[in-house]
Structure formats: C-alpha cells, structure tokens
Amino acid sequence: MFVAVDQNGEKQFAFDEDKNALRYLSAAKILYCPNCQKKVFFRGGPKRIHHFYHEPHVECSFVGEPETQEHLGGKLAIYNWLRKQYPNTFIALEYRITKTNQIADVYVDFGNGKRFAFEVQCAELTAETWLERRKLYRIAGIRDIWLFGTINYYKEINSNEIGEGELLLRLKYLQQTVNEKERNVYFIDVKNNLVKQIGQFFGLSYWTETRAVVKTQEISIDEMKIFQVPTPCKYVLGDQSSLARLHEYFSNRRKKAAEIWEQRKKENHLRLQRIQQKQQRIKKFEKYKRYLNNFSIQVVLQRMSHREQILFKRLVKEYNLSDTSFPGIFNIQMEDYEYIHTPYPLWQLLVFHKAIRHNYSKKQLIYSKYLFQDIKDQIRYNSRDSKEVATIIHSYLVLLEKCGFLDKRTLYRKYIHPFTIENNVLPIVDDKELNSFVALYFSEFNLLEIGWAEYYDTQVFIEVEEQKKLKKAVNRYQHLVINRMESPLHIEEGLIEWFQKAVLSQSIQLEKNEEEFLNDLVNLVQEGNFISQAIYDTFFALIEGKFN
C-alpha cells in the first residue's frame, strides 16, 4: 500500500521524497492503515518500490492479496500518469468506495458523474469474482478499467502459422470474459512503461479454448488518454494510433450493420411477399373450388368471345356434355394458365379433340409444338407469350398422359419427345363431384401429388382426408380411360341383395370361386369403386346361368 496516516491523521505517501521522515515514523510505530487503523510500517530500497505494509496475520479488508512489485509499480505508474495527464482532476490512491466497501487501486473523479476506478490485477483472479467486483462498481456508478500484469497473464506462444503483425497468446478464461464484455483487454508492462491492448477492436480469433491469434496495440503510458467510444464499455484507454484503429473498427462495424440492416429489410420484404402470395393463392384455391362446385356451361360461355362460343357449343354438343357430366380433365386450372386468355374448358377440350379424338397423323405421333401451331388461331393469347402458351399445352399433354389417354415416346435422334395415343375414348361421367375431384387433383394446387414439385414452388392446400377422396375419384376415372369405357357401369345394390337372398334360401347353389366373386362385388359396390366390363358381364352371366 502507498498511503498511511500518522498520529495526527495526516496522510503519508510512500513515494514522498523525504524517506528518512517515513522511516522515523515507521520506527516510532506511529503510522496507521487508513482502512483498519492498525499499525503499518514503511519498507523500500534501491531495488524495491517503497510502500507500507501490515504486520503479519493482521486482518484488514485492504489485505486481500499479496502486493507484488509489479502490482505496486503498476498502481504508481497509473497514478503518476493520471496526475500528469489530468492535473485538475481529483485523483486518489487506494481509495475506499463507501457504498460498496471496495478499495480502488487508483480512483479518478472528473466531475459531472464521470468517475473511474483503475484496477491493476497481477494476482490470480476468477472470472466470477471479476464479474462480481465489476457489478459492485456499476452499483456505485463508477466505471472500472482493469489492467492485467504481464507476469501471470501475458503469455506469448511461438508459431509459424500466424500472419504478419499477429501474435499467438494464451488467454485465460478471465481475459476471454473481459474481452467479451469490454471488447478489449489491457496488459500493463511496468518495466517498459507500456500498456499492451488486444481484443475484438483490433482483431482476435480463437485457435483453441485458451489460445488466440491477436493483433496488439502498444501504448506508451505517458501518451495514453481516456477516450469515449460508442460501445457498451463506453470508455477506452489509448493514444492517437490506437484511436485511429478504433475509428476504423467502428466505421467497418457501421458499414456491416448497414449491410445487415439492408439484408434484413430485403428478407422481411420477401417474407411479407411470400405471406401475401400464400394468402392470395389460398383465396385463388377457394375461388377455384367454388367454380368447380358451381360449374355451369352457360357461365363459362359468358367469358368467351363470339367465335369461341360457337366452337365451344359445337364441341359440347358433339360430346354430349352437360353441367354435371362435363369432364374434370377439361376443367384443370394449371400453373401459369393466365397466359392463355381463352377459358380452359374450351382450349383443353380443343386439345383433346385435335390431338386424340381426331388425330389424322399416320403414325399417330403428337408433337406439342405442331399441336400449338394447329390450334393457335382458335384460342386467344398474347403473341409475345407464345413460348409460354406452347409450354402450357405441352404440360397439359403430360396430364393427359398421367390420366391414361397418351403415352410418351422417346426418339433418340431428336431432342423432342412426342406422345402416342393410348386410349381415345372419352368417358362421360354424370357425377359433378367426381368431375370436380379429377380437375382439382390435376390442378396447380396439387403439384406435389402429381409429381411436379421440382418444377414449381409447392404449397399444400388439400388436407389428407380430402386428398384420399381425390385420389379415389382419379383412380376410377383412369380405369374408365384405360378400359376404354364411354361411361361407368353400375350394378344396383338391390339386385345384388336379391341374388344373395336367393343363395341364403338355398334356391340356388354357388361354387367357392363364385362366392368369392360375389363378396368382392359387394365390396366394390358399397365403396363406390370402379366396375369393369368384365365384372359387369360376369355378374349378369352368373344370374342367367343360375336361373335358366
């Protein structure tokens, strides 16, 4: 310690020039500790910093850790620097903070609430203890600045793997915590009258848990000042050189922050766009479902030009279609369908009519490019969107393939893939719900299910239970297409029940395979599944055989 009081209560400083007077007072045992009021003694010499010390085993709050020559020299260097740099400021050595019962190594009060406590830490200290002492200084309204001794805390490690101007240091957990909180760490080199500054401000990256690659800033204590900076630590020590590096750091950080802010604005804008697009697609989906549920040929005609109305009426009459039997395969709302201005019931029916029902090609090959050329004069679209329109028509042919009307043919000598006709019979199902389900299944709102997720951004609109209903309807329609049936076959449940009663009354006898067939037929009818021509003919042949 550097401060003691005599019998008159006057302060005596260990670094005063009159050493003989201090030795006399020490020998007379009339020097006292300003904190515990117990006797202290003067000690010093040519190789030792002059200071006061307690008798062994004396209990005093000041005697918290052994005072090494490095610690004494560090306190004295900071005290002398402050007195020289800020001569009109209140500066005190070993000052007691009454509010928290702490003793600051060097205390400075600039007025206007700007108070600092400088701590020269040379002995081992845990990060937890440092955080607690830092918290107490905050409670007292004092800004604490810590300088660590180089003997225990500054350890350079030789390495050939670091860049020019960099050092590899062993940093204890305490210094890592200080850097995390303060963005920089100070080491005081008493012998060379320097403060070495490292930390996030100047560049610091960890190799291992305790080794860090750093760039150091050496500051002469005589040229050092206290600067205010816009960071959580608020104040830093430095000279003009370190201040320039700090300004560069803050400038880069502002630029980075501006970039991050702009990036976040863009991300938020895109997120809002995605939300709006999702909401719009949900509205679009609900509108499409209402359209299918309330489908009317007369309403569709109102959206057509006069020439389109004539063509659509002719096709509807030729295929004998009605509001309830209009095939869902001609009512598909596809992705990007807006490129074709003609309502999709007409152009999809026209594609089927030209490509499948009335295909005059000798090889029966269907090229989407040539098909587009064939029908482009009969549909409305913007001429600059012709490529998109041709793509939509090709995609629609793919859907006809998935439904069973077409098959894709690969020609190895050409980079085009035409379609061939598999089935040219159009099933007419007088069931509005089934037709709606078929259209919805192949629509732009079910791209994941039909295998187009890799080509478009997909969003799930259809719940699992509804999806099962759609799949069942599509399977039934595909069976009709594959079996080339113009309409589904029905077997009345009453007829089956009559036949079963005849079996139970033993008026007729069935073989084992006939019983199995009858049970399967009951399940098909009850579940509303597809009944093929073969099943239909077999049942009526069975009735005729048993009752004739």
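The structure presented is a predicted model; accordingly, all values stated were derived computationally and were not measured. Only heavy atoms go into these numbers, but all of them, side chains included; no hydrogens, no water, no symmetry mates.
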J.: Inspect the contact between E218 and R245 and indicate whether a charged nitrogen and a carboxylate oxygen are less than 4.0 angstrom apart.
T.: no
J.: Can you check whether M224's main-chain N or O pairs, donor with acceptor, with Q85's side chain at less than 3.5 Å?
T.: yes
J.: Does atom OH of Y206 have more than 12 heavy-atom neighbours, drawn from other residues, nucleotides or ligands, at distances under 6.0 Å?
T.: yes
J.: So, for P34 and A4, which heavy atoms are closest and what is the spacing to 0.1 Å?
T.: CD-CA, 4.1 Å
J.: Indicate yes or no for a side-chain donor-acceptor contact from S251 to the backbone of E248 under 3.5 Å, with no hydrogens or angles considered.
T.: no
J.: Does either side chain, that of Y288 or that of E444, offer a donor lying less than 3.5 Å from an acceptor on the other one?
T.: no
J.: Testing the basics here: between V474 and V438, what is the closest heavy-atom pair and its distance to 0.1 Å?
T.: CG2-CA, 4.1 Å
J.: Does NZ belonging to K225 count more than 12 external heavy atoms closer than 6.0 Å?
T.: no
J.: Assess the side chains of D239 and S242: does a donor N or O sit below 3.5 Å from an acceptor N or O?
T.: yes
J.: Report, as yes or no, whether the 6.0 Å neighbourhood of atom CD on Q37 holds more than 12 heavy atoms from other residues, nucleotides or ligands.
T.: yes
J.: Can you tell if the side chain of F330 reaches within under 4.5 Å of the side chain of Y396, non-hydrogen atoms only?
T.: yes
J.: In terms of relative ring orientation, are Y337 and Y344 parallel, tilted or perpendicular, with 30° and 60° separating the classes?
T.: perpendicular
J.: Could you please spell out the steps behind the side chain to side chain contact (heavy atoms under 4.5 Å, CB included) verdict for V214 and F202?
T.: CA-CA 8 Å; V214 303; F202 307 102; over 6 Å; no
J.: Any heavy-atom pair between the side chains of N193 and D222 that's under 4.5 Å?
T.: yes
J.: Where do L147 and V195 come nearest, in terms of heavy atoms and distance?
T.: CD2-CG2, 3.8 Å
J.: If you count the non-hydrogen atoms of other residues, nucleotides and ligands that lie under 6.0 Å from CG in N158, is the total more than 12?
T.: no
J.: Using modelled atom types and a 3.5 Å cut-off, is there a donor and acceptor pairing between side-chain atoms of N179 and backbone atoms of Q200?
T.: yes
J.: Could you state the interatomic distance from CD (E128) to CG (L174), rounded to the nearest 0.5 Å?
T.: 9.5 Å
J.: Could you check K469 against E466 for salt bridge (charged side-chain N to carboxylate O under 4.0 Å, His left out), going step by step and ending with a plain yes or no?
T.: CA-CA 5 Å; K469 295 179 181 178; E466 188 179 7; over 6 Å; no
J.: Taking all non-hydrogen atoms of both residues into account, name the closest pair between S368 and L397 and its distance.
T.: CB-CD1, 3.8 Å
J.: Looking at E463, I want to see if its CD is surrounded by more than 12 non-hydrogen atoms of other residues, nucleotides or ligands under 6.0 Å.
T.: no
J.: How long is the gap from NZ on K155 to CG on L168, to the nearest 0.5 Å?
T.: 14.0 Å
J.: Report, as yes or no, whether the 6.0 Å neighbourhood of atom CD on E267 holds more than 12 heavy atoms from other residues, nucleotides or ligands.
T.: yes
J.: Quick check: does any side chain N or O of Q348 sit under 3.5 Å from a backbone N or O of I332, one acting as donor and the other as acceptor?
T.: yes
J.: I need the N435 CG to Y477 OH distance, nearest 0.5 Å.
T.: 7.0 Å
J.: Classify the side-chain pair N382/E388 by whether it contains a donor and acceptor separated by less than 3.5 Å.
T.: no
J.: With the threshold set at 4.0 Å, does a side-chain nitrogen-carboxylate oxygen contact exist between K284 and E338?
T.: yes
J.: Checking Q333 side chain against A439 main chain: does a donor-acceptor pair fall under 3.5 Å?
T.: no
J.: Taking only Lys NZ, Arg NE, NH1 and NH2, and the carboxylate oxygens of Asp or Glu, determine whether E465 and K468 approach each other closer than 4.0 Å.
T.: yes
J.: Can you tell me how far the CD1 atom of I151 sits from the CD atom of Q69, to the nearest 0.5 Å?
T.: 10.0 Å
J.: Near K472 NZ, under 6.0 Å, is it more than 12 heavy atoms from other residues, nucleotides or ligands?
T.: yes
J.: Can you see whether K471 engages Y441 through a side-chain donor-acceptor pair at a distance of less than 3.5 angstrom?
T.: yes
J.: Roughly how far, to the nearest 0.5 Å, is the CD atom of E433 from the CG atom of L292?
T.: 11.5 Å
J.: Hey, which of R133, R115, R138 is the one that makes salt bridge (Lys or Arg N to Asp or Glu O under 4.0 Å) with D144?
T.: R138
J.: Tell me, do Q467 and N446 make a side-chain contact under 4.5 Å, heavy atoms counted?
T.: yes
J.: Apply side chain to side chain contact (heavy atoms under 4.5 Å, CB included) to the pair Y173 and T126, showing each step before the final yes or no.
T.: CA-CA 8 Å; Y173 181 58; T126 65; over 6 Å; no
J.: Decide salt bridge (charged side-chain N to carboxylate O under 4.0 Å, His left out) for K38 and E55; before the verdict, give the C-alpha distance in whole Å, the side-chain angles of both, and the deciding distance to 0.1 Å.
T.: CA-CA 9 Å; K38 295 179 181 179; E55 290 181 300; over 6 Å; no
J.: Which pair of heavy atoms, one from N152 and one from C122, lies closest together, and at what distance?
T.: ND2-O, 2.7 Å
J.: Counting the benzene-type ring for Trp, do Y79 and F118 have ring centres under 6.0 Å apart?
T.: no
J.: Given I329 and L400, is the side chain to side chain contact (heavy atoms under 4.5 Å, CB included) satisfied, shown in steps?
T.: CA-CA 8 Å; I329 199 68; L400 291 177; 3.6 Å; yes
J.: Going by ring pair (Phe, Tyr, Trp, His ring centres under 6.0 Å), F116 matches just one of Y137, W146, F110. Which one?
T.: F110
J.: Could you tell me how the ring of Y86 sits relative to the ring of W81: parallel (under 30°), tilted (30 to 60°) or perpendicular (over 60°)?
T.: perpendicular
J.: Within a 6.0 Å radius of atom CZ on R303, are there more than 12 heavy atoms belonging to other residues, nucleotides or ligands?
T.: yes
J.: Does the Q176 side chain pair with the main chain of L171, one donor and one acceptor, at a distance under 3.5 Å?
T.: yes
J.: Begin from the C-alpha positions of I392 and Y339 and carry the test side chain to side chain contact (heavy atoms under 4.5 Å, CB included) through to its verdict.
T.: CA-CA 8 Å; I392 293 172; Y339 284 112; 3.8 Å; yes
J.: Can any side-chain N or O of D189 pair as donor or acceptor with the backbone N or O of F187 at less than 3.5 Å?
T.: no
J.: Find out whether the Lys NZ or Arg CZ of R43 is both under 6.0 angstrom from the six-membered ring centre of Y53 and within 45° of the ring's axis.
T.: yes
J.: Could you check whether the rings of Y291 and F295 sit parallel, tilted or perpendicular, using 30° and 60° as the cut-offs?
T.: perpendicular
J.: So do F461 and I282 actually touch side chain to side chain, heavy atoms under 4.5 Å?
T.: yes
J.: For the side chain of Q175 and the backbone of Y153, is there at least one donor-acceptor N/O pair under 3.5 Å apart?
T.: no
J.: So which heavy atom on L237 is nearest to which on I219, and how close?
T.: O-CD1, 4.0 Å
J.: Do L169 and E156 come within less than 4.5 Å of each other through their side chains, counting heavy atoms only?
T.: yes
J.: Would you compute the distance between atom CZ of R274 and atom NE2 of H269 and round it to the nearest 0.5 angstrom?
T.: 10.5 Å
J.: For the pair K196 (side chain) and T216 (backbone), establish whether a donor and an acceptor sit closer than 3.5 Å, ignoring hydrogens and angles.
T.: no
